[in-house]
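Structure first, then comments.
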There are 2 protein chains.
Amino acid sequence: MLEEKEQQLDEIVSSFRRISHAFQQLLWKDAEELEITPTQLMVLRKLTVHPDIGITELAELLHLGNSAASGVVDRMVKAGLITRQRSESDRRIFHLAMTEKGKEIREKSKQSLRRHLLPLTNIPAEDAGELLRIHGEIVQILEQGRGKKKL
Amino acid sequence: MLEEKEQQLDEIVSSFRRISHAFQQLLWKDAEELEITPTQLMVLRKLTVHPDIGITELAELLHLGNSAASGVVDRMVKAGLITRQRSESDRRIFHLAMTEKGKEIREKSKQSLRRHLLPLTNIPAEDAGELLRIHGEIVQILEQGRGKKKL
DNA sequence: ATTTAATACTTCGCATGCGAACTATTTTAC
DNA sequence: GTAAAATAGTTCGCATGCGAAGTATTAAAT
């Protein structure tokens, strides 16, 4: 029965590994036509909704550590997709903003409606709802059980 | 209505990003007490069930590319967890096997029943079932829609 | 005011994963 | 038998993500 419980856990773990993988693949396909990476595309999306945020806020929106966010921003600045300007009022903070090039890509991603993501719309509506509900539940269980970062 | 559909997609994408992240965190917590990484632990598990496989087979079991599998194996050999021996019959192939140290860790992971994964058992049974079902459905949609590797 | 804390970011070393290009060994074809 | 193609792995350069340690800069404490 030890084996049994282990196998149950493994089943869930494997399922998650597999779906994460398949999903990651899809996101790459989606992004690569725009000549950008999935994470960077997500940054552009977040910046559309929350303009002028700093790196720490960005990291929180993306559920990333500071160092990871810093790296992404760095590459995007180098690629000319966003700008990073020191705040006048608090010189520890950087203000992030999209460049024209960044806005263009973000706009294109909207227009194409991300063709490669369309398979997702084949998921029956109830299943999609269920999925979001269960995911939310799990995230809650996981993030509260361990971690306990803020709030 | 363009915006609307975009937002729907984003909701799913974000949910996946978030849950993948939370899950990844959990797997690390689970593995790190054994002084191993999640992927490497998974390799040990696979080797338990499928002994003496080669790198390509391992890559398939883990849903990885060859190069990624090659890298993991490399690090595990260096860490003394597994061995990599050329096959006599077909010298292109390596046979992978666990060392004593590898077996030990694998055994420990079974005994501890991966304490950190226990939060997962708080997921209601029906939800877990639903989750697996929907995940399976999605994987099928995603892998068949694009990719189409084998079968 | 000066020391101390907290905050915002960066940097480093590491493991993961990808695809593309390359080597070596079979296998198949002709 | 020899040339061509398939198969098994490796290597390279890249992006991602982590945590730990380090640098400024600002806020709080005494």
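Taking the nucleotide of DNA chain D with the nearest heavy atom to each of A:Pro38 and A:Ser89, the more 5' of the two is matched to A:Pro38. Residue B:Ile55 is the one, among A:Trp28 and B:Ile55, whose nearest nucleotide of DNA chain D lies closer to the 5' end (criterion: closest heavy atom).
Rounded to a whole Å, the CZ atom of B:Phe94 is 10 Å from the P atom of C:dT25. For the pair B:Leu58 CG and D:dA8 P, the computed distance is 14 Å after rounding to whole Å. In this structure, A:Ile93 atom CD1 and D:dA24 atom C1' are separated by 13 Å, rounded to whole Å. Taking atom CG of A:Leu62 as the reference point, atom P of C:dC9 lies 14 Å away to the nearest angstrom. Rounded to whole Å, the distance from CZ on A:Arg92 to P on C:dT10 is 14 Å. Going from atom CD1 of B:Ile36 over to atom P of C:dA15 covers 12 Å, rounded to whole Å. Atom CD in B:Glu32 sits about 13 Å away from atom C1' in C:dA15, given to the nearest Å. Atom-to-atom, CG of A:Leu27 to P of C:dG17 comes out at 16 Å; the value is rounded to the nearest Å.
Here the straight-line distance linking atom CZ of B:Arg17 with atom CD of A:Gln24 works out to 7.0 Å at 0.5 Å rounding. Atom CG of B:Asn122 sits about 12.0 Å away from atom CG of B:Asp127, to the nearest 0.5 Å. One finds the CG atom of B:Leu64 at 11.5 Å from the OG atom of B:Ser70 (value rounded to the nearest 0.5 Å). Rounded to the nearest 0.5 Å, atoms NE2 (A:His95) and CZ (A:Arg84) are 14.0 Å apart.
Side-chain contact, A:Ser87 with A:Arg92: no donor N or O sits under 3.5 Å from an acceptor N or O.
Taking side-chain N and O atoms only, B:Thr39 has a distance below 4.0 Å to OP1 or OP2 of C:dG17. Side-chain nitrogen and oxygen atoms of B:Arg91 include at least one within less than 4.0 Å of the OP1 or OP2 phosphate oxygen of C:dT25. For C:dT16, one of the phosphate oxygens OP1 or OP2 lies less than 4.0 angstrom from a side-chain nitrogen or oxygen of B:Gln40. Applying the 4.0 Å criterion to OP1 and OP2 of C:dT10, one finds that A:Arg75 has every side-chain N and O outside that range. Checking the phosphate oxygens (OP1, OP2) of C:dT26, no side-chain nitrogen or oxygen of B:Arg86 falls inside 4.0 Å. Between B:Arg17 and D:dG17 there is a side-chain N or O to OP1 or OP2 distance below 4.0 Å. The phosphate of D:dT16 has neither OP1 nor OP2 within less than 4.0 Å of any side-chain N or O from B:His21. The side chain of A:Thr56 places an N or O atom within less than 4.0 Å of a non-bridging phosphate oxygen (OP1 or OP2) of C:dC9. Phosphate proximity of C:dT16 to B:Thr37: present, with a side-chain N or O under 4.0 Å from OP1 or OP2.
C:dA5 adopts a syn glycosidic conformation, its chi angle falling within 90° of 0.
Side-chain atoms of B:Asn66 lie closest to D:dT10 of the nucleotides D:dA27, D:dT10, C:dC18. Of the candidate nucleotides D:dT10, C:dT26, C:dT11, D:dT10 has the atom nearest to the side chain of B:Arg84.
Using the six-membered ring where Trp is involved, B:His135 and A:His135 have ring planes that are perpendicular, over 60° apart on the 30 and 60° scheme.
Counting distance only, with no hydrogens placed and no angle test, the side-chain atoms of B:Ser70 and the base atoms of D:dG9 include no donor-acceptor pair under 3.5 Å.
Base pairing of D:dA29 is made with C:dT2, judged by Watson-Crick or G-U wobble geometry with both donor-acceptor distances under 3.5 Å.
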